[in-house]
Colleague: 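I have a structure here, written as structure tokens, and I will follow up with some questions on it.
Every chain is numbered from 1, with letters handed out A, B, ... down the list of sequences. For the numbers below, each heavy atom of this structure counts, side chains included, while hydrogens, waters and symmetry mates do not. Values in this document were obtained by computation on a predicted structure and should not be read as measured data.
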Amino acid sequence: MAEIVPLREAIRHAVRDGDVVALEGFTHLIPFAAGHEIIRQQRRHLTLVRMTPDVIYDQVIGAGCAAKLVFSWGGNPGVGSLHRFRDAVEHGWPAPLAVEEHAHAAMAAAYVAGASGLPFGVLRGYLGSDLPKYNPNIKFIECPFTGERLAAVPAIRPDVSVIHAQKADRRGNVLLWGVTGVQKEAILAAARAVVTVEEIVDTLEPPRHAPNPVVLPAWVIDAVCEVKGGAFPSYALGYYPRNNAFYTQWDGISRDRETFGAWIDRHVRGTRDVAEFRRSLEAAPQHA
Amino acid sequence: MAEIVPLREAIRHAVRDGDVVALEGFTHLIPFAAGHEIIRQQRRHLTLVRMTPDVIYDQVIGAGCAAKLVFSWGGNPGVGSLHRFRDAVEHGWPAPLAVEEHAHAAMAAAYVAGASGLPFGVLRGYLGSDLPKYNPNIKFIECPFTGERLAAVPAIRPDVSVIHAQKADRRGNVLLWGVTGVQKEAILAAARAVVTVEEIVDTLEPPRHAPNPVVLPAWVIDAVCEVKGGAFPSYALGYYPRNNAFYTQWDGISRDRETFGAWIDRHVRGTRDVAEFRRSLEAAPQHA
Amino acid sequence: MPEGYTADEMMTIAAARLVRNGAAVFVGIGLPSAAANLARLTHAPDAVLIYESGTIGTRASVLPLSIGDGELAETADAVVSVPEMFAYWLQGGRIDLGFLGAAQIDRYANINSTVIGDYRQPSTRLPGAGGAPEIAASCKEVLITLRHARRAFVETLDFVTSVGHVSGSGGREQLRLPGKGPTAVITDLGILTPHPSTCELTLTSVHPGVTVDAVVAVTGWPLEVAAEVATTEPPSAKELAVLRDLQQRTLRAHAQS
Amino acid sequence: MPEGYTADEMMTIAAARLVRNGAAVFVGIGLPSAAANLARLTHAPDAVLIYESGTIGTRASVLPLSIGDGELAETADAVVSVPEMFAYWLQGGRIDLGFLGAAQIDRYANINSTVIGDYRQPSTRLPGAGGAPEIAASCKEVLITLRHARRAFVETLDFVTSVGHVSGSGGREQLRLPGKGPTAVITDLGILTPHPSTCELTLTSVHPGVTVDAVVAVTGWPLEVAAEVATTEPPSAKELAVLRDLQQRTLRAHAQS
């Protein structure tokens, strides 16, 4: 049953060194604030799971929190490379990063399997691709009825999943809408679940034209944290748009180890929460 | 791409003798009007598929349209037995009815597989049950990662699926909400798809507090038919409640072959559409 | 049977008492629905009622006649598709307590809801499995409710629809079934619970006014009887009042449609 | 290159022309998004644009910067979860046309978007597969767009992320891939199509002002050239106007955020 607690406390209790952690969000509602809190609390040796590791994972990897990444597309969406991710893979900096690499369809099926209590997911995929040569977690099985060859991947079952959503009510029921990605599956597949929300309200109600409202009942969540702006610089539909300038600037910030280090020290390690982080960025020319 | 056509025409084109037909609906939005049209057009040798064959399938079976039933729970919900179904299974009347019997979880997984372009669905199910002894379409497979034993069932791929929904727009996009059962999967798994709706409107919009709105785009549907009251005597959330009295009366009507035959001749074969069917029932004492 | 309440009321109330507050309960139509709602309206206000139609956390004011009544959807915290219900919620291992009924039950709480007689030439074709095999497998705990009669409590099932304790201790483990299976069978006469070591159903409580002999007489196998058979606490005034109020509201509501 | 338009504009417009009206198109960010939207705004008003973020039938007024921009959701006919998108819509075989980009391509239109160099010690770590392997497998037809350069059009891929025509004719059938694979590779210089019998990419059209030799020179294998190489129809005034209008609207909109 969800407890409504401050983010710092939620991360302190839920995320432990060495955990398998999924911070999910498919370009929308990316849990940046929660990722920053993981950096502030200096978690180590995490296995990070995410279909689309982007800027927040670049920061968590660059900050030295990660030992492994399970993913299917790692880029700065709309911009290009993730330089901290690349530096970790190409040069082992700040630490070597083991990689378990999939395609989107397989990650999605693996999350579904995790949420469904199944040990593996099945997909019509990976045929002809080199990925199975390098990832022992891709196997092939035969359909017992037709003999067709299908790919199988083990279920994803994070120790902890963290997502950001638009609203929660005071009982801890969570509502999100718009592009909802694989968030429901990530929450249901995890042993522990943390949700940050834009606001806590008396009654959950999607806006009139909300596409695709998704409700996660309080009893499948461990902690709900009110974190206004918790998805910045990504967006929260109905609250604020994506800060596209930041994504572009990140390319420059992250190319260089020292620039990155100074940025993360000043704006993340040197701040206590989203509000301070935002003020710190605004005080800095070009967000850098 | 959906054409907006009269129900009679839609059924004439979409449903052929010998087809595998799924009229889906989980107590809500049951496509009664479409089922009646199948009876009026005297389709034969159908394989009927449905998780919860209820009164409409009892009528279709009793009317001699069916050769086989694929199902997981066959009863008159809230009342008891389906007497025409039982008569067909127990005494081969009006014709023998072959049965392929599953549990709900397996039927749901089989529809999902059908919608997903997979040849089979996997579930943690059937362990210890006698059902696999009698249904060769239940097999067991091993997880390639853990060695666990899991059940597998072939995908359901109807020749035609028919559902009832609340609304369509003039392009043929369909909106349903409330208990939406396995309808999306039934439509996506089928080679041909027919949807009857309460009303055709200019702009699709779920009501303010609609739980769980589901949109099916026009281009996955072949025919949309405006059939006000098309789910009667089941219900259409936001339009009319379930006619519980009818379900109770059906028990009496259907127990006896002759009473059933007179009823179906008078109220279904003797009418041309839902409006006439409703008037015919209202003119008859006790709907019988 | 003492005056003031019926055997069905006792049975419903005895089942309701076994619903823990806060539990996620997979509810079927009929007695399970009455018991789960009674629990929610009395000692278990935070019980989460879940129907296989996809409605999660329903707070219907009246009992549903079908598993997918409109009020279940309208009063739910969330409504999901039926495939999601079975995959993410039931098979996902989130359900604390499942209710099952049956046409036949055996001494290890295996149940039949498929056919009476031979499967291919049945004397009675029953509705079939529905959600039962996976409810029996995946819920952390299962309660079975049915009326006591020799034709229902049988030596050998005509068909095993869903397993309880299979053929005794260790049976579920051997099949690697996730949940712990039936923890009680609640009838109109008393309560049977699986023996801690053998898993054989044992009469542990009789309802007020019912004798042990009367229960043994309508059980189709030599029924194990606990060394000390309790007498079920009779319905309290509050339990009876809330249950009757619920059922009268239900009758009134459904008479209108 | 003739005056009046850029090579990138020609490439986008050439790709847009291959989008049939009414087609369900799986669109990626960047050039595919520009091409698909251009098609929708010109000859293919009923094209259904689908993004892997779950948005179906989007009519965004500006091009998205990310695959899940808010306007994609707000202007969609339906928004579904990412697992549903990949399972029911892509794998379900409903997509007529998929767009793919690549860092490397070989003569059979197999592509690499994973690494340059050795997988375990890459010289360049690219973003990876994303949806590509299953887009390549399941769409009825695939268009590949990338700029022509020797480092991109290679004799041997460093890594096969997604297959096109595998190792030639019959390769897809042997793998039982459902779709017919890449039907055209559109570059800034011309259009390559798989040879009807060998499936080897063949230069069939050069954009205005581009010579066959220029294309051969930046292709890293001995490029097959069709007996008659067409010259791509230059952009029409309308195509150019609509594309530029779209891109200017996009710049203005994104400058604000």
Colleague: Sort V160(C) into side chain, backbone, both or neither according to what part of it lies under 4.5 angstrom from a heavy atom of chain B.
Modeller: both
Colleague: Between P83(C) and E185(B), is there a side-chain heavy-atom distance shorter than 4.5 Å?
Modeller: yes
Colleague: Counting heavy-atom pairs under 4.5 Å with chain B, which one of V166(C), I29(C), I67(C) comes out on top?
Modeller: I67(C)
Colleague: With no hydrogens and no angle check, is any side-chain donor or acceptor of E90(B) less than 3.5 Å from a backbone partner on Q121(C)?
Modeller: no
Colleague: Check G68(C) against V179(B) and note the closest heavy-atom contact, atom names and distance.
Modeller: O-CG2, 3.8 Å
Colleague: What part of V115(C) gets within 4.5 angstrom of chain B, counting heavy atoms only: side chain, backbone, both, or neither?
Modeller: neither
Colleague: Go through the atoms of A105(B) and report whether side chain, backbone, both or neither lie under 4.5 Å from a heavy atom of chain C.
Modeller: both
Colleague: Among M107(B), K184(B), M51(B), Q183(B), find the residue that satisfies the side chain to side chain contact (heavy atoms under 4.5 Å, CB included) test when tested with V82(C).
Modeller: M51(B)
Colleague: On a heavy-atom basis, which atom in A73(C) and which in G178(B) lie closest, and how many Å separate them?
Modeller: CB-CA, 4.2 Å
Colleague: Say you draw a straight line from OH of Y235(B) to CG of D69(C); how long is it, rounded to the nearest 0.5 Å?
Modeller: 6.0 Å
Colleague: Measure F85(B) against the heavy atoms of chain C and call it side chain, backbone, both or neither at under 4.5 Å.
Modeller: side chain
Colleague: Is there a side-chain contact between H28(B) and S53(C), using heavy atoms and a 4.5 Å cut-off?
Modeller: no
Colleague: What part of Q174(C) is in contact with chain B, defined as an atom under 4.5 angstrom from a non-hydrogen atom: side chain, backbone, both or neither?
Modeller: neither
Colleague: Output the option from S123(C), S113(C), A137(C) having the highest count of non-hydrogen pairs under 4.5 Å with chain B.
Modeller: S123(C)
Colleague: Can you see which heavy atom on V99(B) is nearest to which on Y119(C), and at what distance?
Modeller: CG1-OH, 3.7 Å
Colleague: Go through L82(B), V89(B), T52(B) and name the one with the most non-hydrogen pairs under 4.5 angstrom from chain C.
Modeller: V89(B)
Colleague: With distance as the sole criterion, is a donor-acceptor pair present between the side chains of H104(B) and E134(C) under 3.5 Å?
Modeller: no
Colleague: Output yes when a side-chain donor or acceptor of Y126(B) lies under 3.5 Å from a complementary backbone atom of P133(C), and no otherwise.
Modeller: no
Colleague: Using non-hydrogen atoms and a 4.5 Å limit, figure out which bit of T124(C) sits close to chain B: side chain, backbone, both or neither.
Modeller: both
Colleague: Which answer fits S81(C), side chain, backbone, both or neither, if we ask what part of it has an atom under 4.5 Å from a heavy atom of chain B?
Modeller: both
Colleague: Should R120(C) and Y134(B) count as side-chain neighbours, where that means a heavy-atom distance under 4.5 Å?
Modeller: yes
Colleague: For V112(B), is it the side chain, the backbone, both, or neither that has a heavy atom closer than 4.5 Å to a heavy atom of chain C?
Modeller: side chain
Colleague: Which bit of P178(C) comes within less than 4.5 Å of chain B, counting heavy atoms only: side chain, backbone, both or neither?
Modeller: side chain
Colleague: Between V214(B), L123(B), T180(B), which residue shows the highest count of heavy-atom pairs closer than 4.5 Å to chain C?
Modeller: L123(B)
Colleague: Side chain of S129(B), backbone of T161(C): donor and acceptor closer than 3.5 Å?
Modeller: yes
Colleague: Could you look at N112(C) and say if it's the side chain, the backbone, both or neither that has a heavy atom under 4.5 Å from chain B?
Modeller: neither
Colleague: Under 4.5 Å from any heavy atom of chain B, what part of L177(C) do you find: side chain, backbone, both or neither?
Modeller: side chain
Colleague: With a 4.0 Å cut-off on N to O distance, would you call R125(C) and E101(B) a salt bridge?
Modeller: yes
